Each structure stands twice: as C-alpha cells, then as structure tokens.
Q: 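Got a structure for you, questions after.
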Amino acid sequence: MDYDFKTIESKWQARWTADGTFRSEIDKDKPKFYVLDMFPYPSGAGLHVGHPLGYIASDIFSRYKRLCGFNVLHPMGYDAFGLPAEQYAIQTGQHPEVTTTHNIARYRSQLDRIGFSYDWNREVRTCDPAYYKWTQWAFLKMFDSWYDPALDKARPISELVAKFETTGYEGVTPEVWAAASDKERSDILMRYRIAYQGETSVNWCEGLGTVLANDEVKDGLSVRGGFPVEQKKMTQWQLRVSAYAGRLLDSLDRLDWTDSLKEMQRNWIGKSEGTEMVFNTVCDGRQKPVTIFTTRADTVFGVTFMVLAPESELVDELTSESQKEAVAAYIKEVKKKTERERIAETHTVTGVFAGSYGINPLTGEQIPIWISEYVLAGYGTGAIMAVPAHDSRDYAFARKFDLPIIPLIEGCDVSEQSFDAKEGVMCNSGFLNGMQVKQAIEAAKDYVEAHGLGRRKTNFRLRDAIFSRQRYWGEPFPIYYKDGIPCPIPESELPLTLPEIDSYKPSPDGQPPLSRAKDWTWHGYPIEKSTMPGFAGSSAYYLRYMDPHNDKALVSPEANAYWRSVDLYIGGTEHATGHLIYSRFWNKFLYDLGYVCEDEPFKKLINQGMIQGRSNFVYRIVGTNTFVSLGRKDQYETTEIHVDINIVRNDRLDLEAFKAWRPEFADAQFVLEDGEYICGWAVEKMSKSMFNVVNPDVICDTYGADTLRLYEMFLGPLEQSKPWDTKGIDGVNRFLKKFWRLFYDRDQWLVTEEKASPAELKVLHRLIGKERSDIESFSFNTTISAFMIAVNDLTALKCSKREILEPMVVLLSPFAPHIAEELWHALGNACSVSDARFPAYVEAYTVEDSCTYAVSFNGKTRFTVDLPKSMDRAEVEARVRALEQTAKYVADQQIVKVIVVPGKIVNIVVK
RNA sequence: GCCCGAAUGGCGGAAUUGGUAGACGCGCUGGACUCAAAAUCCAGUGUCCCUUAAAGACGUGCCGGUUCGACCCCGGCUUUGGGCACCA
C-alpha cells in the first residue's frame, strides 16, 4: 500500500472534527498551557504560504505539549473589522459584513486543510456583536476610571469625584466642584478618565477620510493604502496609555520575549529622566514664567537662546508686537506642510525670532526666544532651552541664525559641530567647573531643586492612543450626547450594534459615514458617530478565548483563574509598537480593576519571520517573440518578464504551459540550454502582480498537508525571514514516503513484535534526545533532520519493529499529524495519537549507561567520564584522542570538571 | 544619524554555545533496477595540488588579538536585514 496522503488527510480531518478531538475544557487535574497565534485579518486574497508559518509552529508546540500531559488551549479566530472590507464596500456597495463572512469561510477552508489542532468551538470574530459587546464594555470601564498616581493604578472615577467633594484634588476644591455645572464637571473629569475625549494634534489621512494612530503611519504615509498623512487639531476619543508608560516599561523585564522586540518597545516608550526648569521671560514688558524640559541640566551655563514649538500655546503670549507678522507668516508656512514634507525636510533648519527674551535662571543673562518646528509640541513642555555647543540640533539652528555658541567642556572643539557626548570636564559653568559631566548633571539637578528653580522629571515618548476613527466598519462607541455632554450608554444595553446605512462613504459635509444613519439615536439623544480603531477588538481577544460563550462577563473569574494568560504567543514583529503595546495596556487596566488575574497577557513571544516570494523571470529578445534561457541571455538584448511561478518547476519553464498562459505567448519560440529553458529568479515580496504567490492549497494538493507542515519548518529557523522556494520540498516528501515504507511494503504490513536490537534502540534514543531538547527551543528544522537520519538508519537496518516504530509515530505526530494518526491506528491503537503520552516513551528510553572512559597521560589516569548510552564508541574514541591532546596542556593544572552532554564530551574546566 | 541582528559549500541551512566545521535536505555526478521512463535504492560531492588515491595544505565577510584549541570571546572595519528618526 502506498502513502496516499489525500485519503489519509481528509479522513482524519473529518474524524477530528466529528470526535471533537481538540476541544479543550477546564480540567483542574492537569496543568494548563495556552498557545496562541496572532489571529488573521481575513483579506480577500486568501492565505498564502507565508501565513501558516507561525500557525504550523504553534500547532507543533501545542500538540507536543499535549503529548507531555498538558491541557492545551489552542484557539483561532478573526480580526474582522478593518479598512479593506470597508474600502471594498465603498467601491461596490456591498456590505462589509458580506465580504468579511465570505473571506472568513475561505480562510477557514484553507486552514482546515493543514490539519491544525484548533478548538474551533472557541472561535471569535471581532465584528460579531456578541464579541464587540465586550470591547464596548471595556471602553465604558475606561471611561468610568481614572489613573490614581498615588496608588499607581486605575480606579473608578467615583473615587476621584469623592476627592473633589471632600478634600479637593489638584486645584479642584469642594467649593469649585459644588459650584460647577454638569458641563464643567464633565470637562474636569475628561482630564482624568482613562478613555477620554480631547483636542489633540492627530494624523489626518485625507485619502482614507479618517485619523490614524502613530503606529498606523510610516514615513508620513498611511500603512494601509499609502496615502499622505497630515497633522490636524481635532477632538477625538483617546486612551490614556501614557499613564501606564512606566509600568509598561518596567514589566518588560519579566517577559520572555526576544531582546530586539523588548528593545523596540523600550524605544517606543522612550523613557528619559531629566529636569523641568522655569525660565522667566519678558515680552513687550510683560513677564511670564516658562517651563522647559532638559536632560542636560549641567549645560544651563551654555544656554544662548530658547525655542518654542510652533503649535505651543505660549507662542501668542511670547510674540512681541514688532514680530507678530513674521511669526504669523512662519506658522502659516509650517501648518501647510504635511507630515511627509516635514520628514523629508528634516535637517533643513527653519525658524523665526519671537521678539521676546528669557532670563537664564543661573546667570541672569537675557537670551532671545525663537520659534521653530524642530521643537515638538507634544513632547516635554513644547519649549526648550538651547545649548548649541552640546546639542547638534541647537547647533545647526545657532549656525543658521548666527546665535552665540558657548563651549562648556574643557578642550572640546565646537567650530565644526557640537560636542554631544556626555564626557569630559566642565568649564565656563560657575559652580560646576572642574566636574565630570555625569557628576555635573546630578549636581545641577540638585542645585535646581534646592533653589526652587525646577524639579526632576521623567518624560516618556509614548503618547495617548487616539481611539476615534471616522469610519463605518468598526465598533460603535456606546456614548450618547446630552446637551453636548458625552454620556455612557448603560452596560445592560450593550452591545450597541452598527446601524445599516445606504452608503459607506463619508457624508458630503465630511462627517463620518455613521452620520448617514439618521434615526440612529439613544432615546432620542444623538450617538457618537466615529467608531473604534482596529486595535480595539484585538486588545483582549486572548481573554475572550478563555470563555467565548459567556454573555455575563468578558471572561468568568473561574476560566480566567485556570487559563490565566498566554504561555506562548506567536506572530510577526510588525505588531511590536501597536497591538503588543495596546494589549499590554488593556490587560493592565483590567488587572487594576480586578477583572483579570495576571498583569501581563503574553508570557513568551516568538516572532516568526516573513516568507518572501521567489519570482521567476523569462527573457524576451527585444522586438521578437523569442525567449532565451538564463545561461544564454547575455548573447542577446532582452527584456525581463515576470512569469507565473506555477508553470515553473525548479527554475525550469514548462514550455507548453507557458504558451497557454497568455495568448500573446501562444507562438513563442525558445532558445534553450541543454534542452531546457532555465528561468531567472529574484526574492521579492509575495504579491499577485509578481505572479509569485503560492497558495497552500496547491501544496496540499500535490504533496499533502503533512509535507507542507514539515517543509515550512524545514526551511530554516522560525524567526528568520526567508524566501519561499519549493526546491527542497521533494526531500521532506520523500522522507514521509520512506517513513511509510517502514510500515508497509506494497500490500504487506511489515511491523513485527520482535525485540529491538541495541543498534535499533540507539537510533530511537538519539531521536528522543534530539526532539526533546530541540522542540523547547523551537529548533524545528533540526528536529526534522534528526527524524530523517533516524528513518535512514532504520531503513538500512531493515527495522520494522513495533518497539521502535510506535514511539516514532508519537514523536512525529506534532509535525505530521495525519500520517502519524493513520499509522497509530494501523498499529492497533483506538485513541487518537494526540492522546498518546510522550513522557512514557521518554522515560523508558533515556536511561543512561554506566560506561566509563578513562583518559590517561604521562602514564596516569587523570579523569574518568560517564557516557550516555546513545553515544557511539567510535565517537567517544575520537573525542578522547582530542582530550588527550588537551590533557598534555592541562597536566600541571587541576581539573575541576568534565562536562558531558548526550552525544559528546563537551568541555574540561581547569583552574 | 542612533539602536538591535546577520554574514558558513553551487543553494537552504547544521555545529548540543570555546573542542572532529559543513549535520540534514536540495542540486549535481556515477551506478543498480527497467524495453524505456517515472519511482526507488547504492556510492560520491568545500577548495587547492594530483591521471587517481593516499597524504598534505588552505578554508566560516575582512584585518588584528586572547587561547593548547576560535564560526563561537575581545578590538577595528566591510556588506546586509530590521527598528527609530528632530523626543531636548
């Protein structure tokens, strides 16, 4: 009987579904393990072979953990709200829900063919009202909470109101509070709510008709669609993520994530410790204190001017009559620029003198105040003290506008560029003279605080998340407006569902599409017209999987207490500064209020690399319909043309298929080499236009899902980006066939009950050792290599003994579950192979041998080594010869330790 | 500009982290089976010297260092991938 993957795979996929093999329920007798994939956005293009890379890895790990006796939670769902469906709806008028449902069905059928062990019973879709009820619920909780800095956590806003009423808080006395109108009270509370409405400078994308979050913009263009983005002041819903900056940074240390990803988050959060200092200013005789932020308090003696951000509220007050016109003109100029232009023109220096002066608090000197776009309104106080000698940006500005530059470090040369390094000995700096820079920074901070000139301050770059989107296909805000005051719709009335509208375009007067829903009100009050952004639905989905059908809570305390948090999360790095920050924030917020029991959502995170496409080219001789093979193309003048990779195999073009591919190639002529047409190739992004998209369905048809799974893992390290290249796929397919032939020869069942020989056992022992150590470190490619070696060895030994093969089947089952399941049942087992128990095999076979090897030199035995049974004598002897070499050198020294791992003597430690 | 990471045969990649470099797979070469092909199996395959083999020399981007011993550690470059980019 041959290995017939088609029959086998569909048979077992159907059985797993029918039997509910991968359903998971709370089982307090077993340890739990939660393995999660970043759920996909179901796009119209369907899955390509890059998508399942991470899914396969997580599936292998899930199945492995299950074999090890864990109760595994391994769910899947869809991040189904989003722009492409809405854009498609605008073009075609089709409701986004229709396209989304259709795409999900396509995704599901593609996923099903790969044989994942998902518990589909727990599927979630972010666009499902039963799901987004809980997104809206969390928003209401954030609306109804504030961040209490004293407790360093979120608390119900009622506690803040109580403070206002009794003791007063931050300038709001009980009298002020009592006298305040409803509107005034609402405005005061908005300054504290975790989810709040406020005016802010936003990334406005005209092309999409909506605002975007910082992580949705790259190089001044929208990530989706690539439209230009400009800065605009708007009132928007926001999440006070910045309140959590310190905690988001600190708990990063406790996470098992890659250092590079943690570093990305650290940079994004951008902690900087410095000083806030007050400078007095004079403008047309009026005095006004201005606070600036600096990390270099030690350089105050070198301040020769001050700079305000163009958007700063201080600009008006600090502009003198005489400079009014010039300043207005400059600001108009700055506003006109899009974000993209500003980025492109980075390092071209612009600015205008405000006509006012600041007073250096240490020297009493009068210094000019300028306005320039190199100072950002959103960071620090929007105003800086400029020290051109020791800051490159200030230096460039001083040079351009001819402002003085005072060096403060002995021997530094500032004639060509500023001296930014924090090293050297201070000079020209009063009481700081003679100190090292690091010492001076601290001394200056102390001085400033002691003399009441300012205080130490930590700033973060992390901004609050803008939470409004002027779009249709997202979660509606459960907010209505009463006399212009935003009020929450009661929790008991959630979900607030999306209304039907006649068109998905913004209204003619530029209002969000939801404004088209005329009679959409809450008891006659208007409802908020913007919707939530993409990251809203994905911020807590991992919690929902724990208890997906609960309509009383996002997750019940019991389910949450059992499943706790995600033990292993697999997904791409592209979410480093978006989803992975928002989710952590969201989780910490729920943790503060006691809704979840863990303060971090994802314990361990693995970033799978991207799979790039491998495009093929043919070369047409200019002006003809003749195509020349790669090796001969230099003899002609040719044009390079992308060719569909589906008609190319191992870079050999299928000539007939090529002629049939496009009508214009029907009568194509070829210049061949060795009778074949060799195509050129290049690694590019996988995309339709380059004809290099590989659909996993095609691989499943020709080789089977097990081969696809093995091959994707065999391609190289999981975390590395790599091009998809089917060249080696025959190798893993051959391996599966060989494995099959250990069990069957034509129609003959070969497996016997004979006792295994030591040589055969050794093959199995090695494989077990390898799989155990590799799988925990996600080194799946080397595990598969070990499998190939084992199968080759067993083939050579003609070994078809149950004692060896049955454990092999179990070991293979996480990687190639279909063939394993088939053979497992053929061996007479009734349960699913996923219910086999790995530890039983491990314990039985990793018993160590008591073989001792003595290494001697100068006629004396110096040390002995115990070797594991899986090691070959020949190997040992080769190693010992090397050791004896070493021993000559270490003869006079004391040997402390000999380190041995299975397979090899590793090292000798000498004193 | 700043911060991470990578560089190993014709190709994808191994090397248990300082101990036989190139596992495993692909490709290629030769052979077996076959009327033939496919499939399958066996052998070979880093470079140089050589008819061949043995033996040797050289070999992990480049230059230098530490060590009995370096793909691995240290110093200095080159190329390349990714992230951030006026964050005071």
Side-chain angles (χ1 to χ4, degrees), chain A residues 2 218-219 258-268 270-272 274-275 292-296 299 307 309 342-343 345-349 372-376 378-387 390-394 396-397 420 459-463 573-574 576-577 607 609-610 650-651 710-711 714-717 719-723 725-735 737-738 741 769-770 773-774 777 779 781-790 792 795-796 875 878-879 881-883 885-891 899-910:
Chain A
D2 279 337
K218 200 173 151 56
D219 298 332
T258 60
D259 290 333
S260 71
L261 197 95
K262 286 201 244 184
E263 201 52 35
M264 264 193 242
Q265 290 216 340
R266 283 192 194 103
N267 292 340
W268 191 260
K271 181 177 183 170
S272 97
T275 316
I292 58 94
F293 175 74
T294 180
T295 52
R296 294 293 302 274
T299 59
V307 189
R342 265 175 102 149
I343 287 165
E345 288 168 22
T346 290
H347 303 306
T348 57
V349 181
S372 172
E373 58 183 331
Y374 86 87
V375 175
L376 306 175
Y379 184 75
T381 61
I384 63 155
M385 64 178 211
V387 186
H390 302 289
D391 182 290
S392 52
R393 296 152 301 176
D394 298 345
F397 195 82
D420 292 15
N459 266 334
F460 294 95
R461 288 172 54 183
L462 186 70
R463 310 292 160 83
T573 359
E574 66 271 20
T577 52
N607 295 114
M610 265 212 301
N650 287 344
D651 289 339
L710 281 171
Y711 188 58
F714 193 62
L715 223 40
E719 274 132 308
Q720 221 169 71
S721 283
K722 54 229 155 189
D725 181 353
T726 38
K727 254 190 183 170
I729 200 164
D730 291 320
V732 287
N733 189 241
R734 233 166 262 163
F735 155 73
K737 288 183 192 161
K738 276 189 206 169
R741 280 199 300 270
K770 189 76 182 154
S773 61
D774 281 2
S777 58
S779 202
N781 51 338
T782 54
T783 316
I784 295 169
S785 292
F787 251 107
M788 290 175 171
I789 296 170
N792 283 342
T795 306
E875 253 179 84
R879 276 303 297 137
R881 274 195 298 277
L883 276 177
Q885 282 275 312
T886 308
K888 285 182 188 118
Y889 293 104
V890 296
I899 303 163
V900 179
V901 299
K904 181 146 105 181
I905 299 164
V906 174
N907 210 352
I908 301 168
V909 181
V910 296

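Chain letters run A, B, ... following the sequence lines, proteins first, then strands; residues in each count from 1. Because the structure is a prediction, the values reported are computed rather than measured.
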Q: Using the side-chain heavy atoms of Trp268(A), tell me which of these nucleotides is nearest: C84(B), A88(B), C4(B).
A: C84(B)
Q: Side-chain N or O of Gln720(A) versus OP1/OP2 of G13(B): is the shortest distance under 4.0 Å?
A: yes
Q: Counting only Watson-Crick pairs (N1-N3 plus N6-O4 or O6-N4) and G-U wobbles (N1-O2, O6-N3), all under 3.5 Å, who is the partner of G27(B)?
A: U45(B)
Q: Taking the P atom of each, how far is U52(B) from C11(B), in whole Å?
A: 24 Å
Q: Checking contacts here: which listed nucleotide (A88(B), G25(B), A15(B)) is nearest the side-chain heavy atoms of Thr782(A)?
A: A15(B)
Q: Given that both distances must come in under 3.5 Å, which nucleotide forms a Watson-Crick or G-U wobble pair with G81(B)?
A: C4(B)
Q: Pick the P atom in U79(B) and in A85(B), then give their distance to the nearest Å.
A: 25 Å
Q: Which of the following nucleotides, A85(B), C4(B), C86(B), is nearest to the side chain of Tyr374(A)?
A: C86(B)
Q: Looking at the side chain of Thr577(A), which of A88(B), C84(B), A23(B) is the nearest nucleotide?
A: C84(B)
Q: Watson-Crick or G-U wobble partner for C71(B), using a 3.5 Å limit on both distances?
A: none
Q: Expressed as a whole number of Å, how far does the P atom of C42(B) sit from that of G25(B)?
A: 11 Å
Q: Is the glycosidic angle of U17(B) within 90° of 0, making it syn, or outside that range, making it anti?
A: syn
Q: Does any nucleotide pair with A21(B) by Watson-Crick or G-U wobble geometry, both distances under 3.5 Å, and what is it?
A: none
Q: Counting only side-chain N and O atoms of Ser272(A), is one of them less than 4.0 Å from OP1 or OP2 of A88(B)?
A: yes
Q: Of the nucleotides G13(B), C41(B), U40(B), which has the atom closest to the Arg734(A) side chain?
A: U40(B)
Q: Looking only at atom P, what distance separates C84(B) and C77(B), rounded to whole Å?
A: 26 Å
Q: Both distances below 3.5 Å, Watson-Crick or wobble geometry, any strand: find the nucleotide opposite A37(B).
A: none
Q: Under 3.5 Å for both donor-acceptor distances, Watson-Crick or wobble: does A88(B) have a partner, and if so which one?
A: none
Q: Stepwise, does the side chain to side chain donor-acceptor pair (under 3.5 Å) test hold for Asn733(A) with Tyr711(A)?
A: CA-CA 8 Å; Asn733(A) 189 241; Tyr711(A) 188 58; over 6 Å; no
Q: What nucleotide, of G13(B), G12(B), A23(B), holds the atom closest to the side chain of Asn781(A)?
A: G13(B)
Q: Please work out which of the three classes, parallel, tilted or perpendicular, describes the rings of Phe735(A) and Phe787(A), given edges at 30° and 60°.
A: perpendicular
Q: Kindly say whether Pro717(A) contributes a backbone atom to a donor-acceptor pair with the side chain of Lys722(A) at under 3.5 angstrom?
A: yes
Q: How close or far is atom C1' of C26(B) from atom CD1 of Ile729(A), stated in whole angstroms?
A: 12 Å
Q: In whole Å, I'd like the distance from the CZ atom of Arg741(A) to the P atom of U40(B).
A: 7 Å
Q: Identify the nucleotide, in any strand shown, that forms a Watson-Crick or G-U wobble pair with G59(B), with both distances under 3.5 Å; if there is none, say none.
A: none
Q: At under 4.0 Å, does any side-chain N or O of Asn792(A) touch on OP1 or OP2 of G25(B)?
A: yes
Q: Take atom P in A14(B) and the same atom in G83(B), then report the distance between them in whole Å.
A: 23 Å
Q: Say you pick atom P in G9(B) and the same atom in C72(B); how far apart are they, in whole Å?
A: 15 Å
